[in-house]
Amino acid sequence: MNIDLLAQPAEEVAPKLLGSVLTCQTPEGTVRIAVTETEAYSGTDDPASHAYRGRTARNAVMFGPAGHLYVYRSHGLHWCANVVTGTDGTASAVLIRAGRVIEGEDLARGRRGDRVETPRLARGPGNFCQALGVTAEHNGADLLRGTSVVLSEGEPVPAALIQAGPRVGVSKAHDWHHRFYLAGDPTVSAYRLSPRAKPSARA
DNA sequence: AAAAAGATCCTCT
DNA sequence: GAGGATCTTTTTG
């Protein structure tokens, strides 16, 4: 993966990450997942971003150089992974929301549970991380030069399949169309308006 | 120190 | 498709 591609604003990088591949190697084995859904989050200008109110211990990685992995805990027990974008010193990242398992399906299924249907193995940010094997210990990992988690280019996706829409689960700025996904792909998570989204916003 | 909110997930109707 | 569980991080008094 080219570093210059990632060193751009998150909303420009997000659609370009569709089709790219994340690989995670653990003692258990290797899992590779092709990305089918992303969401862009920027910094102080984005009310829904973790970095909106400045730097904290949790979001520090977002302020660093592009090409690193930002992992955070959501709702107590789920891990969510972002690819850090932009320039060093500014905060922006792309949340990886869903993907299709292309290697290590048995291992991914073992982590997710035997009753999970194949398209759902990496459907949703928390499920994506669980299937891939990403946890807090991967926070800050170098995706371009590291060995545990690697971001690489996959097969190009037709531009006609790329669609944009409102972000999932956010209560602020949910009318920003910063979510990108492959049209008709069964691994893409369903859109759901946040229960706390303000009615004044426009879609 | 205490309270609220949250970039979610699973189950059931 | 809708409803509720769950506990960490952040924010506020």
Side-chain angles (χ1 to χ4, degrees), chain A residues 9-15 17-18 22 33 35-64 66 68-86 90-99 101 108-140 163-181 186-199 201 203:
Chain A
E11 61 268 28
E12 293 186 23
V13 179
L17 285 182
L18 296 176
L22 276 167
I33 304 182
V35 176
T36 57
E37 181 184 5
T38 61
E39 266 177 14
Y41 288 89
S42 44
T44 53
D45 61 327
D46 183 353
S49 172
H50 285 169
Y52 182 55
R53 298 177 195 280
R55 185 176 188 140
T56 65
R58 176 177 64 160
N59 64 24
V61 177
M62 282 185 74
F63 288 80
H68 289 247
L69 195 69
Y70 165 46
V71 181
Y72 70 92
R73 175 109 66 186
S74 177
H75 285 68
L77 57 95
H78 312 292
W79 299 112
C80 296
N82 302 251
V83 175
V84 175
T85 59
T90 65
S92 65
V94 174
L95 172 69
I96 307 300
R97 287 198 54 87
V101 177
R109 189 177 300 279
R111 289 169 173 155
R112 294 275 291 119
D114 293 336
R115 311 192 309 199
V116 178
E117 301 173 35
T118 301
R120 294 194 172 199
L121 283 175
R123 179 181 152 166
N127 293 334
F128 186 98
C129 283
Q130 189 177 11
L132 188 59
V134 164
T135 64
E137 68 181 89
H138 298 103
N139 188 36
Q163 294 201 349
R167 295 184 288 195
V168 175
V170 298
S171 62
K172 302 165 192 168
H174 63 284
D175 53 339
W176 292 23
H177 287 194
H178 277 6
R179 171 176 175 248
F180 302 90
Y181 56 96
T187 65
V188 172
S189 57
Y191 173 69
R192 186 175 186 183
L193 182 66
S194 168
R196 293 190 169 272
K198 298 202 171 185

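Here the structure is a predicted model, which means the values were calculated and not measured. Numbers restart at 1 for each chain; the letters A, B, ... are given by sequence-line order, proteins then strands.
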For atom C1', what is the distance between B:dC12 and C:dC7, given to the nearest Å?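 About 24 Å, rounded to a whole number of Å.
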Could you work out the separation of B:dA7 and C:dT12 based on their P atoms and round it to a whole Å?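 Nearest-Å result for B:dA7 against C:dT12 at atom P: 15 Å.
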Rounded to the nearest 0.5 Å, how far apart are CZ of A:Phe128 and OG1 of A:Thr187? 9.5 Å
NA contact type, [X], heavy-atom cut-off 4.0 Å: base, sugar-phosphate, or nothing?
X: A:Ser189; value: nothing
X: A:Arg120; value: nothing
X: A:Arg179; value: nothing

Between [atom2] of [N] and [atom1] of [X], the distance in whole Å:
X: A:Tyr191; N: C:dA2; atom1: OH; atom2: P; result: 12 Å
X: A:His177; N: B:dA7; atom1: NE2; atom2: P; result: 18 Å
X: A:Leu121; N: B:dC9; atom1: CG; atom2: P; result: 13 Å
X: A:Leu77; N: B:dC10; atom1: CG; atom2: P; result: 10 Å
X: A:Arg53; N: C:dT11; atom1: CZ; atom2: C1'; result: 8 Å
X: A:Asn139; N: C:dT9; atom1: CG; atom2: C1'; result: 14 Å
X: A:Leu193; N: C:dG3; atom1: CG; atom2: P; result: 12 Å
X: A:Met62; N: B:dA7; atom1: CE; atom2: P; result: 11 Å

Given side chains that start at C-beta, do those of A:Met62 and A:Asn82 come closer than 4.5 Å, heavy atoms only? no
Mind checking whether A:Cys129 and A:Val71 have side chains closer than 4.5 Å, heavy atoms only?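 Contact flag for A:Cys129/A:Val71 side chains = no.
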Could you tell me whether the phosphate oxygens of [N], OP1 or OP2, come under 4.0 Å of any side-chain nitrogen or oxygen in [X]?
X: A:His75; N: C:dT6; value: no
X: A:Thr56; N: C:dT10; value: yes
X: A:Arg58; N: C:dT10; value: yes
X: A:Asn127; N: B:dC10; value: yes
X: A:Ser171; N: B:dG6; value: yes

Nucleotide paired to B:dC10 in any strand shown, Watson-Crick or G-U, under 3.5 Å: C:dG3
Taking the side chain of [X] as heavy atoms from C-beta outward, which of [options] is closest to it?
X: A:Asn82; options: B:dG6, B:dA7, B:dC10; answer: B:dA7
X: A:Arg97; options: B:dA7, B:dT11, C:dT11; answer: B:dA7
X: A:His78; options: B:dT8, B:dA7, B:dG6; answer: B:dT8
X: A:Pro125; options: B:dG6, B:dC9, B:dC10; answer: B:dC9

Face-to-face stacking of A:Tyr41 with B:dA7, centres under 5.5 angstrom, angle under 30°: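 Check passed, A:Tyr41 stacks on base of B:dA7.
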Only one of A:Val170, A:Val94, A:Thr85 forms a side chain to side chain contact (heavy atoms under 4.5 Å, CB included) with A:Tyr41, so which one is it? A:Val170
Going by side chain to side chain contact (heavy atoms under 4.5 Å, CB included), A:Leu69 matches just one of A:Ile96, A:Val134, A:Val84. Which one?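 The option that passes is A:Val134.
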Taking for each residue the nucleotide of DNA chain B with the nearest heavy atom, is it A:Arg123 or A:Lys172 whose nucleotide lies nearer the 5' end?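 In this pair, the answer is A:Lys172.
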Hey, what's the ring geometry for A:His178 with A:Phe180, parallel, tilted or perpendicular (30° and 60° as the breaks)?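 A:His178 and A:Phe180: parallel rings.
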Kindly say whether, by distance alone, the side chain of A:Arg192 makes a donor-acceptor pair under 3.5 Å with the base of C:dG3?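 Checked by distance alone, the answer is yes.
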